[in-house]
Student: 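Submitted below is the structure of interest, expressed as structure tokens.
FYI, side chains are in, hydrogens and waters are out, and symmetry mates aren't considered; it's all heavy atoms of this structure.
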Amino acid sequence: MRLIETKLWERHRARVRALLGPWCVSAATLHGAALLAWLAMRVPALAQDNVVATATLPRDLSPWGMYLNADPVVKAVLIGLALASIVTWTVWLAKTIEIVLAKRRVRGALNKLIRVRSTAEGVERLADAQGEVMQFLEAAVTELKVSPRATDNEGIKERIASRLERIEASYGRRILRGTGVLATIGATAPFVGLFGTVWGIMNSFIGISKSHTTNLAVVAPGIAEALLATAFGLAAAIPAVVIYNVFARSIAGYRAGLGDAAAEVLRLVSRDLERVAVAPPSPARRATPLSVAE
């Protein structure tokens with residue numbers, strides 16, 4: 001019986017092979033083909049997993065680490081913004097000292113000038129002080145010396161006022177030096193930082209297209225490095241704007257002090273001219289008509 005079954009199985013097997021012909025393959029061949037197909041499907045996935053695994057490796061995301069890994073253009077932007085920030089704080093320190101000393105000098109000289117009664121006394125009281133108020137007094141005395149003795153006191157006052165106005169404008173321009181840099185930094189630093197951010201994000205998207213993956217671990221470091229440029233731009237611009245506004249108020253107070261000093265000098269000149277106008281004639285001038293009458 002078993003022999004009959006074996007013969008029937010061989011006959012059925014031969015019939016199946018005859019029907020399949022060249023398509024008939026062995027089980028080992030089918031198993032090998034399936035293995036190759038599975039490996040072909042897994043190769044891209046393994047490559048992507050390798051990219052993700054590389055991207056998820058520990059990376060220094062501190063400001064210094066992001067600077068070292070940033071694009072050269074982003075590095076140049078960061079260096080420029082850092083230099084702008086250094087310039088801002090340097091100007092702040094220098095101009096703060098200059099403005100404080102100038103306001104104190106004008107205030108002290110004005111307090112002395114209020115207590116005098118003539119330009120000559122003012123020059124004597126402020127002989128040891130060199131500054132803006134002393135320049136006002138010297139200009140007034142010089143104009144009084146070169147002006148002819150006449151009854152046109154208004155002309156003399158106008159000429160002295162013109163001299164004082166020019167001196168005041170000169171000191172105002174001098175105290176403003178350096179503040180224009182703060183205005184420029186405050187206006188342009190955010191846009192420079194934004195340029196670095198746009199450039200860095202553009203490079204991040206280029207990296208996404210090259211790596212054929214949108215995994216966050218791949219794009220996050222590049223975007224963080226790009227956003228660092230915006231942070232530097234704001235860090236350079238905000239102090240520059242605040243310091244510029246503080247200096248604008250301080251300089252306005254300093255120029256107001258100069259205006260008060262110039263007005264006080266004009267008052268002293270007006271008093272001197274009035275004293276000359278109402279002064280009695282000297283004995284020598286009275287003697288001349290008497291001798292002529294004799």
Side-chain angles (χ1 to χ4, degrees), residues 40-99 173-252:
M41 293 173 61
R42 290 295 296 171
V43 166
L46 290 174
Q48 184 172 357
D49 292 341
N50 188 23
V51 172
V52 174
T54 304
T56 55
L57 290 175
R59 186 169 179 176
D60 186 9
L61 292 180
S62 64
W64 179 248
M66 287 189 288
Y67 166 76
L68 293 178
N69 295 318
D71 185 80
V73 175
V74 179
K75 283 185 179 180
V77 169
L78 294 177
I79 292 174
L81 292 173
L83 292 176
S85 182
I86 293 173
V87 170
T88 297
W89 292 107
T90 303
V91 172
W92 168 77
L93 180 61
K95 296 302 292 185
T96 298
I97 296 173
E98 181 182 358
I99 293 174
R173 288 192 300 269
R174 183 180 303 178
I175 202 70
L176 283 172
R177 287 183 302 185
T179 58
V181 177
L182 298 177
T184 302
I185 292 174
T188 59
F191 298 101
V192 175
L194 183 61
F195 167 74
T197 299
V198 172
W199 187 274
I201 292 177
M202 181 181 66
N203 287 334
S204 297
F205 281 115
I206 293 174
I208 290 172
S209 74
K210 288 182 178 179
S211 60
H212 302 288
T213 179
T214 58
N215 190 282
L216 186 61
V218 176
V219 301
I223 295 176
E225 294 161 5
L227 293 175
L228 183 64
T230 299
F232 266 66
L234 295 176
I238 293 174
V241 173
V242 173
I243 293 171
Y244 178 80
N245 292 332
V246 172
F247 282 167
R249 290 191 295 270
S250 298
I251 291 172

Student: Counting only N and O atoms by type, is there a donor-acceptor contact under 3.5 Å from the side chain of Thr197 to the main-chain atoms of Ala226?
Tutor: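 A pair under 3.5 Å: yes.
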
Student: Which atoms form the tightest heavy-atom contact between Gly186 and Ala240, and what is the distance?
Tutor: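 Smallest heavy-atom distance, with atoms named: N-CB, 3.8 Å.
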
Student: Test of understanding: with side chain to side chain contact (heavy atoms under 4.5 Å, CB included), list the residues that count as partners of Thr184, not counting sequence neighbours.
Tutor: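 Counting only residues at least two positions away or on another chain, Thr184 forms a side chain to side chain contact (heavy atoms under 4.5 Å, CB included) with Thr188.
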
Student: Would you mind reporting whether Trp199 and Val77 have side-chain heavy atoms less than 4.5 Å apart?
Tutor: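 With C-beta onward as the side chain, the pair stays apart.
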
Student: Nearest 0.5 Å please: distance from the CZ atom of Arg174 over to the CD atom of Glu98.
Tutor: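 Between atom CZ of Arg174 and atom CD of Glu98 there are 9.0 Å.
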
Student: Would you check if the side chain of Lys95 reaches a backbone N or O of Ile175 as a donor-acceptor pair within less than 3.5 Å?
Tutor: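 Looks like yes, one N/O pair under 3.5 Å.
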
Student: Search all heavy atoms of Leu81 against all heavy atoms of Ala229 and return the closest pair with its distance.
Tutor: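 Where Leu81 meets Ala229 most closely, the heavy atoms are CD1-O, 3.6 Å.
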
Student: Could you grab the distance from atom OG1 of Thr179 to atom CG of Asn245, nearest 0.5 Å is fine?
Tutor: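 Answer for the OG1-CG pair, Thr179 versus Asn245, is 11.0 Å.
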
Student: Mind running side chain to side chain contact (heavy atoms under 4.5 Å, CB included) on Val91 and Ile243 for me, showing each step along the way?
Tutor: CA-CA 9 Å; Val91 172; Ile243 293 171; over 6 Å; no

Student: Can you tell me how far OG1 of Thr88 sits from CD1 of Ile238, rounded to the nearest 0.5 angstrom?
Tutor: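 One finds 12.0 Å between CD1 of Ile238 and OG1 of Thr88.
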
Student: For Phe247, is the CZ atom crowded, meaning more than 12 foreign heavy atoms sit under 6.0 Å from it?
Tutor: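 Buried by this count: over 12 neighbours within 6.0 Å.
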
Student: CD1/Ile251 to CD1/Ile99 distance, rounded to the nearest 0.5 angstrom?
Tutor: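 Rounded to the nearest 0.5 Å, the CD1-CD1 separation comes out at 4.5 Å.
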
Student: Using the ring of each side chain (for Trp, its six-membered ring), is Trp89 parallel, tilted or perpendicular to Trp92, with breaks at 30° and 60°?
Tutor: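 It falls in the perpendicular class, over 60°.
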
